[in-house]
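By convention in this document, chain letters (A, B, ...) are assigned in the order of the sequence lines, proteins followed by strands, and residues within each chain are numbered from 1. These numbers come from a predicted model, not from an experiment.
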Amino acid sequence: MPELPEVETVRQGLAKWVAGRTIATVEVRHPRAIRRHLPGDAHFIAMLTGRTILDASRRGKYLWLPLDRGGLLMHLGMSGSLSFGNAFDAPGPHDHFDLVTARGTLRLTDPRRFGAVVWSPAIDAGAAAKLLAGLGVEPFDPAFTGDHLYQALRRRRVAVKTALLGGDIVVGAGNIYACEALFEAGIDPRTRSDRLSRARCEALAEAVRLTLARALESGGSTLRDFRDAHGMAGAFQLQARVYGRVGKPCLRCGAMVRRIVQGQRATFFCPGCQKR
DNA sequence: ATGGGTACCTGTCTGC
DNA sequence: TGCAGACAGGTACCCA
(Lines give C-alpha, C1' and ligand atoms only; values in the text may rest on other atoms or scores of the structure.)
Protein backbone atom coordinates (compact mmCIF):
# COMPACT_ATOMS: atom_id res chain seq x y z
CA MET A 1 0.00 0.00 0.00
CA PRO A 2 1.99 2.89 1.23
CA GLU A 3 4.58 4.44 -1.04
CA LEU A 4 6.75 7.37 -0.02
CA PRO A 5 3.98 10.02 0.03
CA GLU A 6 1.80 7.82 2.23
CA VAL A 7 4.62 6.94 4.61
CA GLU A 8 5.71 10.58 4.81
CA THR A 9 2.11 11.63 5.51
CA VAL A 10 1.99 9.11 8.34
CA ARG A 11 5.37 10.30 9.62
CA GLN A 12 4.26 13.91 9.78
CA GLY A 13 1.20 13.01 11.82
CA LEU A 14 3.25 10.72 14.00
CA ALA A 15 6.12 13.10 14.73
CA LYS A 16 3.92 15.57 16.57
CA TRP A 17 2.28 12.83 18.57
CA VAL A 18 5.12 10.56 19.65
CA ALA A 19 7.88 12.99 20.59
CA GLY A 20 8.60 12.87 24.30
CA ARG A 21 6.23 10.02 25.12
CA THR A 22 7.45 7.19 27.28
CA ILE A 23 6.45 3.63 26.47
CA ALA A 24 4.71 2.11 29.48
CA THR A 25 3.73 -1.24 28.01
CA VAL A 26 3.95 -3.04 24.70
CA GLU A 27 1.24 -5.33 23.34
CA VAL A 28 2.31 -7.82 20.70
CA ARG A 29 -0.68 -9.76 19.45
CA HIS A 30 0.90 -11.21 16.35
CA PRO A 31 4.63 -11.87 16.65
CA ARG A 32 4.91 -12.67 12.95
CA ALA A 33 3.91 -9.11 12.18
CA ILE A 34 6.70 -7.84 14.37
CA ARG A 35 9.67 -9.99 13.55
CA ARG A 36 8.86 -11.14 10.08
CA HIS A 37 12.06 -9.80 8.60
CA LEU A 38 14.52 -10.59 11.34
CA PRO A 39 13.62 -13.46 13.61
CA GLY A 40 15.39 -13.99 16.88
CA ASP A 41 14.97 -10.65 18.66
CA ALA A 42 13.87 -12.25 21.91
CA HIS A 43 14.23 -9.03 23.88
CA PHE A 44 11.97 -6.96 21.68
CA ILE A 45 9.51 -5.97 24.40
CA ALA A 46 12.21 -5.47 27.00
CA MET A 47 14.11 -3.08 24.73
CA LEU A 48 11.00 -0.91 24.28
CA THR A 49 9.48 -0.81 27.74
CA GLY A 50 10.34 2.35 29.65
CA ARG A 51 11.99 4.01 26.64
CA THR A 52 11.10 7.51 25.51
CA ILE A 53 10.29 8.17 21.86
CA LEU A 54 12.27 11.14 20.60
CA ASP A 55 10.98 11.70 17.07
CA ALA A 56 9.62 10.07 13.90
CA SER A 57 11.79 10.03 10.79
CA ARG A 58 11.73 8.17 7.49
CA ARG A 59 14.12 6.40 5.13
CA GLY A 60 12.48 5.28 1.90
CA LYS A 61 9.24 3.60 2.94
CA TYR A 62 10.58 2.75 6.38
CA LEU A 63 9.70 4.73 9.49
CA TRP A 64 12.31 5.13 12.19
CA LEU A 65 11.32 6.07 15.73
CA PRO A 66 14.50 6.95 17.61
CA LEU A 67 14.25 6.13 21.32
CA ASP A 68 16.40 7.33 24.21
CA ARG A 69 18.13 4.01 23.71
CA GLY A 70 18.02 2.39 20.27
CA GLY A 71 14.99 2.81 18.07
CA LEU A 72 12.11 1.19 16.28
CA LEU A 73 12.13 0.54 12.54
CA MET A 74 8.69 0.04 11.03
CA HIS A 75 7.43 -0.84 7.58
CA LEU A 76 3.76 -0.77 6.62
CA GLY A 77 4.03 -3.35 3.84
CA MET A 78 1.02 -3.40 1.53
CA SER A 79 -1.79 -2.88 4.02
CA GLY A 80 -0.33 -1.46 7.23
CA SER A 81 -1.52 1.66 9.00
CA LEU A 82 -0.66 3.40 12.25
CA SER A 83 -3.12 5.24 14.44
CA PHE A 84 -3.05 6.72 17.87
CA GLY A 85 -5.59 7.63 20.47
CA ASN A 86 -6.39 7.81 24.14
CA ALA A 87 -9.31 5.43 24.31
CA PHE A 88 -8.78 2.64 21.85
CA ASP A 89 -11.50 0.17 21.17
CA ALA A 90 -10.81 -3.47 21.89
CA PRO A 91 -8.26 -4.61 19.32
CA GLY A 92 -9.63 -6.02 16.08
CA PRO A 93 -8.24 -9.09 14.34
CA HIS A 94 -5.63 -7.06 12.44
CA ASP A 95 -4.46 -4.83 15.29
CA HIS A 96 -1.16 -6.59 15.87
CA PHE A 97 0.87 -4.20 17.93
CA ASP A 98 0.31 -1.39 20.49
CA LEU A 99 2.78 0.95 22.10
CA VAL A 100 1.01 2.16 25.23
CA THR A 101 2.09 5.45 26.80
CA ALA A 102 0.61 7.39 29.70
CA ARG A 103 -1.02 9.78 27.26
CA GLY A 104 -2.23 7.43 24.57
CA THR A 105 -1.52 4.40 22.45
CA LEU A 106 0.13 3.95 19.07
CA ARG A 107 -1.43 1.03 17.20
CA LEU A 108 -0.31 -0.90 14.13
CA THR A 109 -3.06 -2.42 12.00
CA ASP A 110 -1.98 -4.62 9.11
CA PRO A 111 -4.40 -7.13 7.57
CA ARG A 112 -1.92 -8.71 5.16
CA ARG A 113 0.94 -8.71 7.65
CA PHE A 114 3.58 -7.78 5.09
CA GLY A 115 4.75 -5.03 7.42
CA ALA A 116 7.56 -5.16 9.93
CA VAL A 117 8.50 -3.72 13.30
CA VAL A 118 12.06 -4.24 14.43
CA TRP A 119 14.07 -2.90 17.35
CA SER A 120 17.60 -1.80 16.49
CA PRO A 121 20.41 -0.25 18.51
CA ALA A 122 20.71 2.55 15.93
CA ILE A 123 19.49 3.37 12.44
CA ASP A 124 22.94 2.63 11.05
CA ALA A 125 23.61 -0.48 13.10
CA GLY A 126 22.13 -3.89 13.71
CA ALA A 127 18.76 -4.84 12.26
CA ALA A 128 17.95 -1.40 10.85
CA ALA A 129 21.25 -1.11 9.03
CA LYS A 130 20.69 -4.51 7.45
CA LEU A 131 17.21 -3.63 6.19
CA LEU A 132 18.19 -0.18 4.93
CA ALA A 133 21.52 -1.23 3.44
CA GLY A 134 20.47 -1.60 -0.18
CA LEU A 135 18.25 1.46 -0.47
CA GLY A 136 18.80 4.04 -3.17
CA VAL A 137 18.91 7.80 -2.85
CA GLU A 138 15.97 9.80 -1.43
CA PRO A 139 14.02 11.45 -4.27
CA PHE A 140 14.07 14.87 -2.60
CA ASP A 141 17.76 14.67 -1.81
CA PRO A 142 19.88 16.97 -4.01
CA ALA A 143 21.92 13.87 -4.85
CA PHE A 144 18.96 12.55 -6.88
CA THR A 145 19.73 14.13 -10.22
CA GLY A 146 19.16 13.19 -13.83
CA ASP A 147 22.80 12.26 -14.03
CA HIS A 148 22.53 9.99 -11.00
CA LEU A 149 19.61 8.23 -12.66
CA TYR A 150 21.42 8.02 -15.98
CA GLN A 151 24.56 6.52 -14.46
CA ALA A 152 22.53 3.94 -12.54
CA LEU A 153 20.15 3.02 -15.36
CA ARG A 154 22.81 2.61 -18.01
CA ARG A 155 24.20 -0.33 -16.04
CA ARG A 156 20.88 -2.18 -16.06
CA ARG A 157 18.99 -3.98 -18.74
CA VAL A 158 15.63 -4.42 -17.01
CA ALA A 159 12.62 -2.38 -18.05
CA VAL A 160 12.78 1.13 -16.62
CA LYS A 161 9.55 0.57 -14.65
CA THR A 162 11.11 -2.46 -12.96
CA ALA A 163 14.27 -0.50 -12.20
CA LEU A 164 12.29 2.33 -10.57
CA LEU A 165 10.32 -0.11 -8.43
CA GLY A 166 13.47 -1.85 -7.26
CA GLY A 167 14.25 0.92 -4.77
CA ASP A 168 18.00 0.44 -5.03
CA ILE A 169 18.45 3.42 -7.38
CA VAL A 170 15.89 5.81 -5.95
CA VAL A 171 13.49 5.04 -3.11
CA GLY A 172 9.87 5.93 -2.67
CA ALA A 173 8.17 5.35 -6.01
CA GLY A 174 6.05 2.23 -5.69
CA ASN A 175 3.67 0.84 -8.25
CA ILE A 176 1.33 3.83 -8.48
CA TYR A 177 3.97 6.54 -8.60
CA ALA A 178 6.36 4.64 -10.86
CA CYS A 179 3.53 4.40 -13.41
CA GLU A 180 2.55 8.03 -12.93
CA ALA A 181 6.11 9.34 -13.12
CA LEU A 182 6.78 7.45 -16.36
CA PHE A 183 3.60 8.94 -17.82
CA GLU A 184 4.68 12.39 -16.67
CA ALA A 185 8.06 11.89 -18.38
CA GLY A 186 6.51 10.42 -21.54
CA ILE A 187 8.56 7.23 -21.25
CA ASP A 188 7.24 3.77 -22.18
CA PRO A 189 7.58 1.61 -19.04
CA ARG A 190 8.98 -1.25 -21.14
CA THR A 191 11.99 0.79 -22.28
CA ARG A 192 15.21 -0.92 -21.35
CA SER A 193 17.02 1.02 -18.65
CA ASP A 194 20.26 1.22 -20.62
CA ARG A 195 18.51 2.69 -23.67
CA LEU A 196 17.39 5.89 -21.94
CA SER A 197 19.22 9.02 -23.00
CA ARG A 198 20.68 11.41 -20.48
CA ALA A 199 18.00 13.97 -21.39
CA ARG A 200 15.22 11.49 -20.76
CA CYS A 201 16.79 10.56 -17.42
CA GLU A 202 16.73 14.24 -16.52
CA ALA A 203 13.04 14.34 -17.41
CA LEU A 204 12.37 11.16 -15.46
CA ALA A 205 14.15 12.37 -12.31
CA GLU A 206 12.10 15.56 -12.46
CA ALA A 207 8.91 13.55 -13.05
CA VAL A 208 9.58 11.31 -10.04
CA ARG A 209 10.08 14.34 -7.81
CA LEU A 210 7.04 16.13 -9.19
CA THR A 211 4.77 13.10 -8.91
CA LEU A 212 5.80 12.33 -5.35
CA ALA A 213 5.53 15.99 -4.33
CA ARG A 214 2.03 16.28 -5.77
CA ALA A 215 0.97 13.09 -4.02
CA LEU A 216 2.39 14.36 -0.75
CA GLU A 217 0.39 17.56 -1.12
CA SER A 218 -2.74 15.43 -1.50
CA GLY A 219 -1.95 13.38 1.60
CA GLY A 220 -1.11 10.29 -0.48
CA SER A 221 -3.40 7.91 -2.36
CA THR A 222 -6.19 5.87 -0.85
CA LEU A 223 -7.10 3.03 -3.18
CA ARG A 224 -8.65 0.89 -0.50
CA ASP A 225 -7.52 1.27 3.03
CA PHE A 226 -4.72 3.80 3.35
CA ARG A 227 -5.24 6.17 6.25
CA ASP A 228 -2.86 8.66 7.78
CA ALA A 229 -2.17 8.63 11.51
CA HIS A 230 -5.36 10.61 12.09
CA GLY A 231 -7.49 8.17 10.11
CA MET A 232 -7.79 10.48 7.11
CA ALA A 233 -7.80 9.13 3.56
CA GLY A 234 -5.51 10.51 0.84
CA ALA A 235 -6.75 12.13 -2.34
CA PHE A 236 -4.05 11.64 -4.97
CA GLN A 237 -5.83 8.66 -6.54
CA LEU A 238 -8.27 11.22 -7.95
CA GLN A 239 -5.37 12.76 -9.88
CA ALA A 240 -3.89 9.52 -11.21
CA ARG A 241 -3.63 9.74 -14.95
CA VAL A 242 -2.80 6.16 -15.85
CA TYR A 243 -2.79 4.04 -12.67
CA GLY A 244 -6.00 1.99 -12.52
CA ARG A 245 -7.36 3.60 -15.69
CA VAL A 246 -7.06 0.62 -18.05
CA GLY A 247 -9.40 0.94 -21.02
CA LYS A 248 -10.15 4.59 -20.32
CA PRO A 249 -9.05 7.39 -22.63
CA CYS A 250 -5.76 9.11 -21.84
CA LEU A 251 -6.54 12.53 -20.39
CA ARG A 252 -3.80 14.05 -22.53
CA CYS A 253 -4.13 12.38 -25.94
CA GLY A 254 -7.28 10.27 -25.80
CA ALA A 255 -5.58 6.95 -26.59
CA MET A 256 -6.71 3.94 -24.57
CA VAL A 257 -4.72 3.41 -21.37
CA ARG A 258 -3.17 -0.08 -21.35
CA ARG A 259 -2.43 -2.52 -18.56
CA ILE A 260 0.48 -4.92 -18.83
CA VAL A 261 2.34 -7.04 -16.29
CA GLN A 262 6.02 -6.46 -15.51
CA GLY A 263 7.77 -8.45 -12.81
CA GLN A 264 4.40 -9.78 -11.58
CA ARG A 265 3.16 -6.22 -11.03
CA ALA A 266 0.53 -4.36 -13.01
CA THR A 267 1.81 -1.48 -15.13
CA PHE A 268 -0.49 1.17 -16.59
CA PHE A 269 0.60 3.42 -19.42
CA CYS A 270 -0.60 5.44 -22.40
CA PRO A 271 0.73 4.07 -25.69
CA GLY A 272 0.09 7.45 -27.29
CA CYS A 273 2.04 9.62 -24.87
CA GLN A 274 4.75 7.23 -23.67
CA LYS A 275 7.48 6.31 -26.13
CA ARG A 276 10.47 3.99 -26.05
C1' DA B 1 26.16 -8.51 -9.77
C1' DT B 2 21.98 -9.01 -12.29
C1' DG B 3 17.61 -10.74 -13.30
C1' DG B 4 13.75 -13.64 -12.69
C1' DG B 5 10.74 -16.00 -9.91
C1' DT B 6 8.56 -17.24 -5.42
C1' DA B 7 6.93 -16.45 -0.82
C1' DC B 8 4.68 -14.02 2.66
C1' DC B 9 -0.97 -12.81 3.99
C1' DT B 10 -6.02 -11.37 3.95
C1' DG B 11 -9.79 -8.95 1.89
C1' DT B 12 -12.47 -7.66 -2.03
C1' DC B 13 -14.25 -7.93 -6.42
C1' DT B 14 -15.62 -10.42 -10.75
C1' DG B 15 -17.42 -13.95 -13.44
C1' DC B 16 -19.54 -18.37 -13.81
C1' DT C 1 -26.28 -17.23 -3.55
C1' DG C 2 -21.93 -19.72 -3.68
C1' DC C 3 -17.53 -20.38 -5.05
C1' DA C 4 -13.15 -20.19 -7.58
C1' DG C 5 -9.91 -17.16 -9.24
C1' DA C 6 -7.74 -12.79 -9.95
C1' DC C 7 -5.90 -9.00 -7.90
C1' DA C 8 -4.16 -5.39 -4.39
C1' DG C 9 -0.04 0.22 -2.36
C1' DG C 10 6.07 -4.17 -0.87
C1' DT C 11 10.22 -6.49 -0.35
C1' DA C 12 13.22 -10.45 1.24
C1' DC C 13 15.08 -14.43 -0.41
C1' DC C 14 16.47 -18.21 -3.55
C1' DC C 15 18.36 -19.76 -7.75
C1' DA C 16 20.39 -19.47 -12.47
Side-chain angles (χ1 to χ4, degrees), chain A residues 1-11 29-40 58-63 73-82 92-97 108-118 127-136 151-181 190 192-194 211-212 215-216 218-228 233-240 242-247 259-268:
Chain A
M1 158 202 75
E3 305 181 35
L4 186 145
E6 290 76 28
V7 177
E8 177 59 20
T9 298
V10 169
R11 187 203 68 75
R29 297 188 199 85
H30 202 302
R32 292 263 300 137
I34 305 310
R35 298 199 295 268
R36 176 179 147 63
H37 291 301
L38 295 172
R58 180 189 59 73
R59 173 74 176 101
K61 299 170 193 166
Y62 285 90
L63 289 165
L73 191 72
M74 314 181 82
H75 197 292
L76 299 177
M78 290 279 260
S79 59
S81 61
L82 290 168
H94 307 304
D95 294 335
H96 305 309
F97 175 65
L108 171 71
T109 306
D110 184 8
R112 291 180 73 182
R113 285 190 270 133
F114 286 177
V117 182
V118 175
K130 184 173 178 183
L131 287 168
L132 302 178
L135 296 188
Q151 297 301 339
L153 290 178
R154 63 186 293 207
R155 308 177 63 228
R156 302 285 197 85
R157 272 158 288 187
V158 289
V160 61
K161 156 74 166 13
T162 304
L164 277 184
L165 266 189
D168 50 345
I169 298 174
V170 58
V171 295
N175 210 30
I176 298 176
Y177 303 122
C179 291
E180 293 296 312
R190 300 165 294 184
R192 265 175 53 155
S193 298
D194 60 351
T211 302
L212 293 176
L216 195 47
S218 301
S221 295
T222 297
L223 296 189
R224 294 175 178 71
D225 50 12
F226 171 71
R227 293 293 183 277
D228 70 14
F236 183 82
Q237 69 281 3
L238 304 173
Q239 297 177 45
V242 286
Y243 188 86
R245 298 195 64 249
V246 58
R259 178 188 187 278
I260 60 174
V261 174
Q262 296 179 290
Q264 289 85 242
R265 308 297 302 279
T267 297
F268 299 88

Visitor: Indicate whether OP1 or OP2 belonging to C:dA12 is found under 4.0 Å from a side-chain N or O atom of A:His75.
Guide: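 No.
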Visitor: Ignoring the backbone of A:Pro111, work out which of B:dG11, C:dG10, C:dA12 is nearest its side chain.
Guide: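 Closest of the options to the side chain of A:Pro111: B:dG11.
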Visitor: If I take atom CG in residue A:Leu73 and atom C1' in nucleotide C:dA12, what distance separates them, rounded to the nearest angstrom?
Guide: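 Going from CG in A:Leu73 over to C1' in C:dA12 covers 14 Å.
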Visitor: Could you check A:Ile169 against A:Leu164 for side-chain contact (heavy atoms from CB on, under 4.5 Å), going step by step and ending with a plain yes or no?
Guide: CA-CA 7 Å; A:Ile169 298 174; A:Leu164 277 184; over 6 Å; no
Visitor: Please determine, by modelled atom types, if A:Gln262 and A:Thr267 share a side-chain donor-acceptor pair under 3.5 angstrom.
Guide: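 Note: A:Gln262 and A:Thr267 side chains meet the donor-acceptor criterion.
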Visitor: Between atom CZ in A:Phe114 and atom C1' in B:dA7, what is the gap in whole Å?
Guide: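 A:Phe114 atom CZ is separated from B:dA7 atom C1' by 8 Å.
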Visitor: More 5' along DNA chain C: A:Arg259 or A:Gly166, using each one's nearest nucleotide?
Guide: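 Between the two, 5'-proximity favours A:Arg259.
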Visitor: Indicate yes or no for a side-chain donor-acceptor contact from A:Arg29 to the backbone of A:Asp95 under 3.5 Å, with no hydrogens or angles considered.
Guide: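 Yes; at least one donor-acceptor contact below 3.5 Å.
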Visitor: Do the side-chain N or O atoms of A:Tyr62 get closer than 4.0 angstrom to the phosphate oxygens (OP1, OP2) of C:dA12?
Guide: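 Indeed, a polar side-chain atom of A:Tyr62 lies that close.
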Visitor: Rounded to whole angstrom units, what separation is found between the CZ atom of A:Arg192 and the P atom of B:dG3?
Guide: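 Nearest whole value for this atom pair: 9 Å.
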Visitor: Measure from the side-chain N and O atoms of A:Glu6 to the backbone N and O of A:Ser221, and report whether any donor-acceptor pair falls under 3.5 Å.
Guide: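 It does hold such a pair.
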Visitor: Just the rounded figure in Å: distance from P of C:dA8 to CD of A:Glu6.
Guide: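 Taking atom P of C:dA8 as the reference, CD of A:Glu6 is at 16 Å.
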Visitor: Toward the 5' end of DNA chain B, which comes first, A:Asp168 or A:Gly263, by nearest nucleotide?
Guide: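 Result of the comparison: A:Asp168.
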Visitor: According to a strict under-4.0 Å criterion, is A:Arg157 in side-chain N/O contact with OP1 or OP2 of B:dT2?
Guide: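 For B:dT2, neither OP1 nor OP2 has a side-chain N or O of A:Arg157 closer than 4.0 Å.
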Visitor: Measure from CZ on A:Arg155 to P on B:dT2 and round the result to the nearest Å.
Guide: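 In whole Å, B:dT2 P lies 6 Å from A:Arg155 CZ.
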Visitor: With respect to the side chain of A:Arg156, which nucleotide from B:dG11, B:dC8, B:dG3 is positioned closest?
Guide: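 Between B:dG11, B:dC8, B:dG3, the one nearest the side chain of A:Arg156 would be B:dG3.
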Visitor: Among B:dG11, B:dG4, C:dT11, which nucleotide has an atom closest to any side-chain atom of A:His94?
Guide: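 Minimum distance to the A:His94 side chain belongs to B:dG11.
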Visitor: Whole angstrom is fine here: how far is it from CG in A:Leu76 over to P in C:dT11?
Guide: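 Result: 10 Å.
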Visitor: Given atom CZ of A:Arg112 and atom P of B:dT12, what is their separation to the nearest angstrom?
Guide: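 About 12 Å, once rounded to whole Å.
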Visitor: Base, sugar-phosphate alone, or nothing: which one does A:Arg265 contact when heavy atoms must sit under 4.0 Å apart?
Guide: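 Base: the residue A:Arg265, judged by heavy atoms under 4.0 Å, touches a nucleobase.
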Visitor: Using whole Å, report how far CG of A:Asp110 lies from P of B:dG11.
Guide: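 That distance rounds to 11 Å.
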Visitor: Please round to the nearest 0.5 Å and tell me the distance separating atom CE of A:Met74 and atom CG of A:Leu108.
Guide: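 Output value for this atom pair is 5.0 Å.
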